[in-house]
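These notes are about the structure you will find just below.
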Amino acid sequence: MKIKIFYFARLKETLKYSTEDLELPDEPMTILKLKALLAKRSDVWGQMLMGKLKVRAAINHELVDDHAAINHGDEVAFFPPVTGG
Amino acid sequence: MKIKIFYFARLKETLKYSTEDLELPDEPMTILKLKALLAKRSDVWGQMLMGKLKVRAAINHELVDDHAAINHGDEVAFFPPVTGG
Amino acid sequence: MTVRVQTEDFDAGFEISRLHKNRKDIGAVVSFIGLVRDLNDGDAVSQLTLEHYPGMTEKSLTSIINQAMARWSIKDALIIHRVGTLQPSDQIVLVAVSGAHRGEAFAACEFMMDYLKTEAPFWKKEVTPQGEHWVEAKSADDAARERWIK
Amino acid sequence: MTVRVQTEDFDAGFEISRLHKNRKDIGAVVSFIGLVRDLNDGDAVSQLTLEHYPGMTEKSLTSIINQAMARWSIKDALIIHRVGTLQPSDQIVLVAVSGAHRGEAFAACEFMMDYLKTEAPFWKKEVTPQGEHWVEAKSADDAARERWIK
């Protein structure tokens, strides 16, 4: 399945990625599994997604938790806790 | 002792008094005693000051209760519960 | 600190901006505008007259601001209240508070309105199809004020 | 209902007046303005950059208004949030609510700010004498949001 990922704020800046299209095996996928997969790319990816920093995630513009299921065509986003207002 | 009294809102309208200067005997006076004194003027004064209507009082621009002492030169006011804002 | 009792209307945006304009220490401004509704407690209201107690009113509003400033860490506050004859949709009152943080500004602004509603010497008289009548004080307003006493 | 995310400044007074002007069913308008302070968590701030997640931001703010409208009897609400580069004393956000009664308008406005602070995808980066850094989320903001869950 194909998904689109966006990164924001500290994640975007540190990973030097703002968006990417990703092809994943056609098997059940969750936010946690996706983070673990991306974390294998390098130490900095591991630190950013599975380290001490809190990471929040959205699927199709809705905040979700680690157990949320990801489906073909989804827009996934990773970002730090929000600090607007 | 001499005091000044103001009446507001429903009290002013019904009693047809907005202000008066009053000479009182030189003895301890409270809001409650003053109300009882004024209530003797007529039925309508009794209804307005000692009847079912809630009456609030101020001495020198401060809200006070029935037991507050009135002194020579004070400005006393009687009015219904406030309804501004 | 600003306290004004006036017959003329006020420019809420201008008054609110005075609480923070060109100030770099203000992070939060909370404001309340009270307006005349054409329906109050089931009565159609075509006109409203506000009476007050000159002299005591200003002292009462100043005291309300002072109490809020003693209780919360806020930077500035204002109360503007109109008197005289008003129509539905007219502005009656503006209460605004500025501070560093939103929690304290919200609390102080609501506190000031709850105290104004129960302590400031204003009285409303409504004109309805059934005639004129003085507005009755609401026990809900007393209850709102009681929340702050602890 | 109005939701806007924009780089340009806003006229808070004009926006607030749109919630009640010529309406006779509004008795209360509560508004919050958030501003850039030159001191945040002990750091001197000379500049602030706000990043957001286009698309999600608007949905998130709309959802916050819908939640407030489902929970309280309010008539209208607006959220305007700026993004881009801001200086101390600049306006960041305006949240305003109109309704018949003040208690519900106050609650809805504070609820909306508490949710915006913890759910709307905005991120602040500060410029200080020590350099640039991303602002850390505050546990006080999470606690403020928790108050509404019951």
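By convention in this document, chain letters (A, B, ...) are assigned in the order of the sequence lines, proteins followed by strands, and residues within each chain are numbered from 1.
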### Query
So which residues of residues 13-34 of chain C are in contact with chain D at a heavy-atom cut-off of under 4.5 Å?
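When heavy atoms of chain D are the reference, residues 13-34 of chain C contributes C:Gly13, C:Ile16, C:His20, C:Asn22, C:Arg23, C:Lys24, C:Asp25, C:Ile26, C:Gly27, C:Ala28, C:Val29, C:Val30, C:Ser31, C:Phe32, C:Ile33, C:Gly34 within the under-4.5 Å range.
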
### Query
For chain D, which residues of residues 89-108 of chain C have at least one non-hydrogen atom nearer than 4.5 Å to it?
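Within residues 89-108 of chain C, the residues under 4.5 Å from chain D are C:Ser89, C:Gln91, C:Ala100, C:His101, C:Arg102, C:Gly103, C:Phe106.
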
### Query
Taking every heavy-atom pair that is under 4.5 Å apart, which of C:Asn40, C:Val45, C:Asp114 has the most such pairs with chain D?
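If we count pairs closer than 4.5 Å to chain D, C:Asp114 comes out on top.
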
### Task
Identify which of C:Val36, C:Leu35, C:Leu39 forms the greatest number of heavy-atom pairs closer than 4.5 Å to chain D.
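Of the candidates given, the most pairs with chain D belong to C:Leu35.
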
### Message
With chain C as the partner, which of D:Cys109, D:Ala12, D:Ala140 has the greatest number of non-hydrogen pairs under 4.5 Å?
### Response
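Between D:Cys109, D:Ala12, D:Ala140, the count favours D:Cys109.
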
#### Entry: Atom group of D:Asp11 that falls short of 4.5 Å from chain C, counting heavy atoms
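For D:Asp11, no heavy atom lies under 4.5 Å from chain C.
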
### Message
According to ring-ring contact (aromatic ring centres under 6.0 Å, His included), who are the partners of D:Trp72, at least two apart in sequence or on a separate chain?
### Response
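Expected list: D:Phe111, D:Trp148.
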
### Message
Could you work out, with side-chain hydrogen bond (donor to acceptor under 3.5 Å, both in side chains) as the rule, every residue matching D:Asp38, not counting sequence neighbours?
### Response
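Per chain and number, D:Asp38 pairs via side-chain hydrogen bond (donor to acceptor under 3.5 Å, both in side chains) with no residue.
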
